[in-house]
Amino acid sequence: MPPEETTPSPPRSSPDEPGRPGQSPPRATTDQPHRPDPSPAPVAREPRWHAPAEAATAPVGAQSQASAHPQASAGSASIPNPTAPSTDHAGSPTHAPTSSATAGIEVVDVRRAFGSVQAVRSMTFTAAPGSVTALIGPNGAGKTTLLLMLASLLAPDAGSIRIGGVDPIADPRVARRVLGWMPDVLGTWRTLSPRVVLRMMGRLHGMPTHVARARADELVAVVGLEQLADRPSRVLSRGQQQRLGLARALVHRPRVLLLDEPAAGLDPASRVQLRGLLRDLATDGCTVLVSSHDLGELDEVADASVFVEAGEAVSGDRLASARGSSTTWRIRSLDPAALSLALGRIGVAIDRIRVEGPSTTVVIDADAHAADLLARLVAAGVPIVHFAPTVGDIERTFLGLSGQTGAPGLPAPGRVQQRGGVR
Amino acid sequence: MTGWMGLLAVVVQLELRQRVRSVAWYVLLGVVGLITGAVILVLYAGLSSTPAEVGGIIFSTVLFLVLLVATLVTPALCGAAINGERDAGTLAATQLTQVTSTQLVLGKLLATWIASLGFLVVTAPFLLASVLLGGLRPEAVAIGLVILVLEIGVTSAIGVGLSGIVRTPVFSIVTTYLVIAALSVGTPIAFGIGTLVVQETRTIASPMWEYSEDGTSSCELGQPIEMTQPRPDAVWWLLAANPYVVLSDAIPPSFGLYGSPDDAFSAVSLLVRQAQQPPTWPSCSDAFVDGSYEAQDVYDEGVPSWFVGLAIHLALAGTLVGAAIVRTRAPSKRLAAGSRIA
């Protein structure tokens, strides 16, 4: 889908900075997460999943960073020292990034085949500490396979992986101190209560009993499962199980978090809380990699995104062209008639305009054009109350890659149902 | 090493808490205790022997019952220990901790073993009763308990090992049952078939006896005839791998006044030793073999086999557990088609 008019080449998606391939060109000047909706409500100020863990993990002091890292690497090389984990887990943050610049996730030319099926063809990307990276791709693109390899559960056929500077294939036990993993299909010991599950996980991570106990109580509060903490896990709903899975992934205060569809089954309030939690973790220096199908969700939380297609990370060129493809913007006005009039007067081609009930959609080629159009509409005195892309940046890129522009005439897969009622 | 054992203990604890410690398990233990009690009461009522003999019979019967129940229930209990967790998606969570696959598999094995020993614990009252009845030989008690505990461990190891090797829980449970059945039931069947197949035919001159009036007798060889006899001594070794035979053969036997076995162990091991005896062919020379039945002699002439059987069991268990440890290792390089990782 070649763009009719190319926007200025996005500086952030140049190959010399592969860690942020999904940074949207128009907003490259800011470091804010993608927001499809320009309404002012910063993610960081959204309600969180209760405070205690944030309070415990937030003060990442410089001296604790310096002390935590050598300790972690020394303790992990051998049998867990009974004293090391107690200081490690008792309260001093272990989110401290490693001193080397290679912390976070580094994947170079990783391949994995299952029989004749090449699930991951050639993946190369990095995820930086202190950021949330989205892993995006259609079903069967190899996302879960990739996450399994990152989580040290599956060995790649070729290529190298570094999790916080550790090779999870050569040194899985060390890597497992660093990484926390939440699978897409969460299993839990059905007869055990969430509190007991978290305690046992802590002890399996080598924590002394009392530390594991304290950490479990803390995490139960973090994910808001206090009411159900002592009931068997089988009574948990899907969303509550997701929360338990997230808590389980956080038990040992990992510096790299791998989350496969973390928001599945969560209610909207919980999603907002999850977002806040992920952002807080990233702020504390954690590397967060999130795979999700909910593109709008990712748009709001991700600093960078990696697009996966047929087992490969999509190249910068294709991303730029996908991103440059035209987008549908939704405009609402207090006076629809004035809006239509103004649009015509400004000279927007009639085939680009479409009236859907109370709102009007316009296909716009570039963000600069959108800004220009908005300025002109406002100047024309049209009372605009809503002016936003119908899909977020990530979704736009995703649809652009899959050959959909999201234009009204060509309903994108994700929008078909929504528009069905109008047509 | 305390750290290694500590993690192992956590796995055992986790396993016992989530898999074993359920109401159904306690109900099952209670039912087993009641059934054992009923059998023992019927046995006690039916036996007209002196109390001194009853103690040994009850003790050996209880141990056999415990072995039977343990081999019947343990596969169901542990046959999905690893692949069931893999299906439920909980195995990967454990694998991503500091626990090694060796600790994981051995922990599951220990937990199953401990749980299955619950059958021995619920029958403790009957064992105590048999002690009070008297007539128990201390060596029979000691050796019997040790071998029984080992055999229950072997059953657990086969179940846990197969659950790590076979992909689906149903098939691993069924395979475990088949292996256990092959050892417990299959070996006697194979022995029976073997005696039917392995037969020896000889052409011998049949002895003809003539008794004179003064009480002497003479023997003459008559016409040569063809005679066929089974050769259990050629296939008796099939019985060595039977857990009940291992348990019985390991315990020194005790025979009563008329060569009758004092307990079930002695009876079983005597049967095996008898099977080792080559058949006798009619001839004039063995005409006056003492007709009295000397069980102790038959036993002493035979060879012990329990250590061979036990070695086979331990080797089988060790191999399966070792394979399960290798298969449970993560990151995994090979995957069976359609298998789930997490």
Side-chain angles (χ1 to χ4, degrees), chain A residues 76 78-82 85 112 114-115 144-145 147-149 151-157 161 168-170 172-177 179-192 196-197 199-209 212 232-233 245 248-249 251-252 254 258 260, chain B residues 1-26 80-104 107-108 111 327-342:
Chain A
S76 52
S78 59
I79 302 303
N81 181 340
R112 173 76 212 204
F114 297 104
T144 296
T145 306
L147 282 173
L148 288 175
M149 289 193 282
S152 83
L153 284 169
L154 186 66
D157 295 335
I161 300 174
I169 310 308
R173 287 192 74 199
V174 179
R176 285 166 194 167
R177 284 176 173 268
L179 69 87
W181 174 70
M182 181 178 161
D184 56 342
V185 182
L186 190 82
T188 189
W189 297 293
R190 297 171 56 78
T191 52
L192 300 188
V196 171
V197 167
R199 270 184 209 161
M200 298 307 280
M201 286 306 291
R203 295 187 59 201
L204 290 173
H205 275 292
M207 295 182 192
T209 314
S233 295
R248 202 173 65 178
V251 160
H252 55 305
L258 308 168
D260 205 348
Chain B
M1 209 53 199
T2 53
W4 199 91
M5 294 305 288
L7 280 181
L8 182 68
V10 177
V11 176
V12 172
Q13 196 189 336
L14 174 63
E15 195 70 9
L16 284 176
R17 285 189 86 148
Q18 59 107 4
R19 183 172 291 272
V20 173
R21 218 168 63 176
S22 60
V23 176
W25 182 242
Y26 291 118
I82 295 172
N83 51 17
E85 287 234 325
R86 196 174 271 142
D87 270 11
T90 49
L91 185 72
T94 330
Q95 284 176 312
L96 288 189
T97 62
Q98 293 304 303
V99 172
T100 62
S101 70
T102 312
Q103 286 164 329
L104 195 59
K108 285 176 183 294
R327 289 292 290 267
T328 314
R329 239 170 231 161
S332 51
K333 298 219 161 36
R334 281 187 322 112
L335 281 182
S339 66
R340 225 193 112 139
I341 302 170

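Remember, it's a predicted structure, so these values are computed and weren't measured experimentally.
- Of the atoms belonging to A/Val196, it is side-chain heavy atoms, and not backbone ones, that fall under 4.5 Å from chain B.
- Both the backbone and the side chain of A/Arg203 come within less than 4.5 Å of a heavy atom in chain B.
- A heavy-atom distance below 4.5 Å is not found between the side chains of B/Pro331 and A/Leu154.
- The structure places NE2 of A/His205 at 5.5 Å from OG1 of B/Thr97, a figure rounded to the nearest 0.5 Å.
- For chain B, the nearby part of A/Leu192 is the side chain; its heavy atoms alone come within less than 4.5 Å.
- Heavy atoms closer than 4.5 Å to chain A are found in both the backbone and the side chain of B/Gln13.
- From A/Leu204, atom CG reaches atom CD of B/Gln95 across 12.0 Å, with rounding to the nearest 0.5 Å.
- Here the straight-line distance linking atom CG of B/Leu96 with atom CG of A/Leu153 works out to 4.5 Å at 0.5 Å rounding.
- Side-chain N or O atoms of B/Gln98 include one that pairs as donor or acceptor with a backbone N or O of A/Arg173 at under 3.5 Å.
- Heavy atoms only, all atoms of each residue included: A/Arg176 and B/Ala330 are closest at NH2-O, 2.9 Å.
- For A/Pro168, the part lying near chain B is the backbone, with the side chain staying farther off; criterion is any non-hydrogen pair under 4.5 Å.
- Looking at B/Arg17 and A/Trp189, their side chains never come closer than 4.5 Å, going by heavy atoms from C-beta outward.
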